[in-house]
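Below: the structure, in C-alpha cells.
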Amino acid sequence: MNEDPETLARCFGVERISTGPLEPSYNVAPTDEVYAVAEHEGVRRLGVLRWGLIPHWADSRKGRPNINARAETVAERPAFRDSFRRRRCIVPASGFYEWGSAAAGRQPYYITMADRSLMAFAGIWASWKDPETRRWIRSCAIITTRANEALAAIHTRMPVILPPQHLDLWLDRDVRAPEAVETLLAPLPADRIACRPVSTLVNNVRNNLPENITPLTGALPAAGGPPSLLP
DNA sequence: CCAGACGTTGTT
DNA sequence: GTCTGG
DNA sequence: CCAGACGTTGTT
DNA sequence: GTCTGG
C-alpha cells in the first residue's frame with residue numbers, strides 16, 4: 001500500500017481521517033500497522049490497525065496472530081464472532097501476494113484489480129489492553145473465502161474483496177445479524193482481478209521494495225504450473 | 001468443578 | 001469472555 | 001505468508 | 001519437523 005490517507009478517504013467515503021500517513025509498504029507482514037476504515041460513533045473513519053487480531057480476552061500477544069478468518073466460520077468462532085457482529089472494517093490494499101502451493105511451486109504472484117482500483121478487504125477488528133504496557137492495541141484480521149477461477153490454479157483461498165456497493169452495509173454497526181452480512185463474503189469474480197508472477201524478493205519481509213510488485217517479464221511459470229494469467 | 005483452548009494455511 | 005473436555 | 005531458529009546458565 | 005518473528 002502506497003496511497004496517502006486523503007486518497008483513501010476519497011475512495012472509501014471516509015468522513016474523518018484519524019491517522020497520519022503510513023510508510024509505503026510493498027511487503028506488509030503480520031503485526032504491521034495497516035490502514036483500516038470503520039464506523040465510529042456513526043462516522044466513517046480512517047485509522048490504523050495492527051494486522052493479526054488479538055481477541056479482547058487474550059492474556060498475552062504471544063502465539064501466532066490471527067491474520068485471517070474464514071468466511072465460512074467467522075460468525076461462529078469464539079475468537080471472531082463478537083468482532084464480526086459489531087466491529088467490521090475494511091482494509092484498503094493496492095493488491096496482495098499469493099504463493100503457489102504444490103504444483104505451482106514457490107512462485108509468488110501479485111494480484112490487483114483488473115482496472116487497478118484499490119481493493120477493500122473485508123476485515124474485523126478488536127481492542128486488547130496489553131497488560132505489560134497498559135496500552136490499548138487495536139488489531140484486525142482479514143476474511144478469506146475460496147479462490148475464484150483466476151486464482152484456483154495457484155491457491156485455494158483468497159481475501160474477500162468487497163465491491164463499492166457493499167461497503168455501506170458491511171460497515172454499518174447496527175447490522176448485527178450475521179446472515180445480513182455473511183452473503184457479502186463471496187469471492188470476487190475472476191474477470192475483476194489480474195494476477196502476475198513477481199520476483200522471489202518478496203519472499204523475505206525485509207525486502208520492502210517497489211520491485212516486489214514488478215511483473216516478471218519473459219519468465220512464465222514452470223511447465224506444469226498454472227496457466228499464464230497475464231492479460 | 002477447573003483447565004485449557006480459542007486460528008489459518010498447507011501438508012511427502 | 002465463553003466453550004469444551006475431563 | 002516465508003525466513004530462520006532450533007541452547008543453557010543464571011537472573012531482582 | 002515445528003515454532004517464532006516479521
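Every chain is numbered from 1, with letters handed out A, B, ... down the list of sequences.
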* Expressed in angstrom and rounded to an integer, what is the separation of A:Leu201 atom CG from D:dC2 atom P? -> 15 Å

* Can you tell which of B:dT9, B:dG7, E:dG6 lies closest to the side chain of A:Val205? -> E:dG6

* N/O (side chain, A:Thr200) to phosphate O (OP1/OP2, D:dC2) under 4.0 Å -> no

* To do: Using atom types as modelled and distance alone, determine if a side-chain donor or acceptor of A:Arg134 lies under 3.5 Å from a backbone N or O of A:Lys129.
  => no

* **Listed nucleotide nearest any side-chain atom of A:Ala29, set E:dG6, D:dC1, B:dT8** => E:dG6

* To do: For B:dG4 versus D:dA5, give the span between their C1' atoms, rounded off to a whole number of Å.
  => 27 Å

* Between A:Asp59 (CG) and B:dA3 (C1'), how many Å, whole number? -> 13 Å

* What integer distance in Å separates A:Arg206:CZ from E:dG6:P? -> 10 Å

* Tell me what A:Tyr97 touches on the nucleic acid: a base, only sugar-phosphate, or nothing, going by heavy atoms under 4.0 Å. => nothing

* Asked: For A:Asn203 and D:dC1, what is the distance between atoms CG and C1' respectively, to the nearest whole Å?
  -> 9 Å

* Asked: How is the hydrophobic cluster of A:Ile137 composed, in terms of its other members, when Ile, Leu, Val, Met, Phe, Trp and Tyr link through side-chain heavy atoms under 4.5 Å apart, directly or indirectly?
  -> A:Ile54, A:Trp128

* Closest to the A:Asn68 side chain: C:dG1, B:dT9, B:dG7? -> B:dT9

* Rounded to the nearest angstrom, tell me the gap between atom CD1 in A:Ile142 and atom C1' in B:dG7. => 15 Å

Can you name the atoms? Protein N/O to nucleotides 2-5 of chain C N/O, anything below 3.5 Å, with the distance.
from  : atom 1 : to      : atom 2 : distance (Å)
C:dT2 : O3'    : A:Arg81 : NH2    : 3.3

* With respect to the side chain of A:His56, which nucleotide from B:dT9, C:dG1, E:dG6 is positioned closest? -> C:dG1

* To do: Please determine, by modelled atom types, if A:Arg157 and A:Thr144 share a side-chain donor-acceptor pair under 3.5 angstrom.
  => yes

* Partner nucleotide, any strand, of C:dC3 [Watson-Crick/G-U, under 3.5 Å] -> B:dG4

* By ring-ring contact (aromatic ring centres under 6.0 Å, His included) - contacts of A:Tyr26 (at least two apart) -> none

* Asked: Do the side-chain N or O atoms of A:Asn204 get closer than 4.0 angstrom to the phosphate oxygens (OP1, OP2) of D:dG4?
  -> yes

* Asked: How close or far is atom P of D:dC1 from atom CD1 of A:Ile111, stated in whole angstroms?
  -> 14 Å

* Can you sort out the partners of A:Tyr110 under ring-ring contact (aromatic ring centres under 6.0 Å, His included), two or more places apart, ordered by chain and number? => A:Tyr97

* To do: Could you check which of B:dC6, B:dT8, E:dG6 has an atom nearest any side-chain atom of A:Pro30?
  => E:dG6

* Whole-Å distance separating the CZ atom of A:Arg70 from the C1' atom of B:dT9 -> 9 Å

* What pair of heavy atoms forms the shortest contact from A:Arg88 to A:Asp172, and how long is it? -> NH2-O, 2.7 Å

* Phosphate-side-chain proximity, A:Arg77 and B:dT8, N/O vs OP1/OP2 below 4.0 Å -> yes

Show the atom names and distances, to 0.1 Å, of all donor-acceptor pairs under 3.5 Å that link a side chain in residues 5-19 of chain A to residues at least two apart or in another chain.
from    : atom 1 : to      : atom 2 : distance (Å)
A:Thr7  : OG1    : A:Asp4  : OD1    : 2.6
A:Glu15 : OE2    : A:Arg44 : N      : 2.8
A:Ser18 : OG     : A:Arg45 : NE     : 3.3

* Quick one: is B:dT8 close enough that its OP1 or OP2 comes under 4.0 Å of any side-chain N or O from A:Asn66? -> no

* **same_hphob_cluster(A:Ile161, A:Ile143) at 4.5 Å side-chain heavy-atom cutoff** => no

* Using the C1' atom as the reference point in each nucleotide, state the distance between B:dA3 and D:dC6 in Å, no decimals. => 29 Å

* **P atoms of B:dG7 and E:dG6, separation to the nearest Å** => 25 Å

What donor-acceptor contacts under 3.5 angstrom involve side-chain atoms of residues 32-43 of chain A, with partners at least two apart or in another chain?
from    : atom 1 : to      : atom 2 : distance (Å)
A:Asp32 : OD2    : A:Ala29 : N      : 2.8
A:Tyr35 : OH     : A:Leu22 : N      : 2.7

* Asked: When rounded to the nearest Å, what value does the distance between P atoms of B:dT9 and E:dG5 take?
  -> 22 Å

* Side-chain N or O of A:Arg106 closer than 4.0 Å to phosphate OP1/OP2 of D:dC2 -> yes

* **Nucleotide D:dC1, atom P - distance to CG of A:Asn212 in whole Å** => 18 Å

* Asked: On a whole-Å scale, what distance lies between the C1' atoms belonging to D:dC2 and B:dT11?
  -> 16 Å

